[in-house]
Amino acid sequence: MRLRVEFTTEPFDLDEAPVHAVVAREVIQSAELDAVDVGPFGNTAEGGADAVLTAVDSLLRKALESGATRISLQVNVVGEDSK
């Protein structure tokens, strides 16, 4: 199964990306995912279910440890893995 995750972290700062946002993006960018898109108002990535769920676990833990007070995320099934 393929999944798409969309997420944002808060609190938000218009002047500079907070540490928790940078950490969350680094987790997603270093995970074995494809179609990664990071931006100032939201981030998305797609990949196999195991890779996405592992990345989401790490993202939640590390962003909270880095000062996030809220993390909004949505996970959608977008298809089947090709084998």
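Distance check: R70 CZ to T9 OG1 gives 11.5 Å after rounding to the nearest 0.5 Å. Atom CG of L59 sits about 8.5 Å away from atom CG of N43, to the nearest 0.5 Å. The distance from the CD1 atom of I71 to the CG atom of L64 is 4.0 Å, given to the nearest 0.5 Å. Here CZ of R4 is found 12.5 Å from CG of L33. Values are rounded to the nearest 0.5 Å. In this structure, the separation between CD on Q29 and CG on D37 is 10.0 Å, given to the nearest 0.5 Å.
Of all the heavy atoms in A45 and V36, the pair that sits closest is CB-CG2, 3.9 Å. Nearest approach of P11 to H20, heavy atoms of both residues: O-NE2, 3.0 Å. The shortest heavy-atom contact between V19 and S66 is CG1-CB, 4.0 Å. Between V52 and E46, the shortest heavy-atom distance links the atoms CG2-C, 4.2 Å.
L60 and V5 fall within the same hydrophobic cluster, where Ile, Leu, Val, Met, Phe, Trp and Tyr residues are linked whenever their side-chain heavy atoms come under 4.5 Å apart, directly or through other members. At a threshold of 4.5 Å between side-chain heavy atoms, the hydrophobic network of Ile, Leu, Val, Met, Phe, Trp and Tyr places I28 and L53 in one connected group.
Looking only at distances, no side-chain donor or acceptor of N76 sits under 3.5 Å from a matching main-chain atom of V78. A donor-acceptor pair is defined here as one N or O able to donate and one able to accept, closer than 3.5 Å; no such pair exists between the side chain of S58 and the backbone of A55.
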For this session: Please lay out, stage by stage, how R2 and D34 fare under the test salt bridge (charged side-chain N to carboxylate O under 4.0 Å, His left out).
Result: CA-CA 11 Å; R2 287 187 55 77; D34 44 65; 2.7 Å; yes
For this session: Please report the C-alpha distance between L73 and E6 in whole Å, then the side-chain angles of each, then the deciding distance to 0.1 Å, and finally whether the side chain to side chain contact (heavy atoms under 4.5 Å, CB included) criterion is met.
Result: CA-CA 5 Å; L73 69 92; E6 301 174 44; over 6 Å; no
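Side-chain contact between F7 and T44: absent, with no pair of heavy atoms (C-beta onward) separated by less than 4.5 Å.
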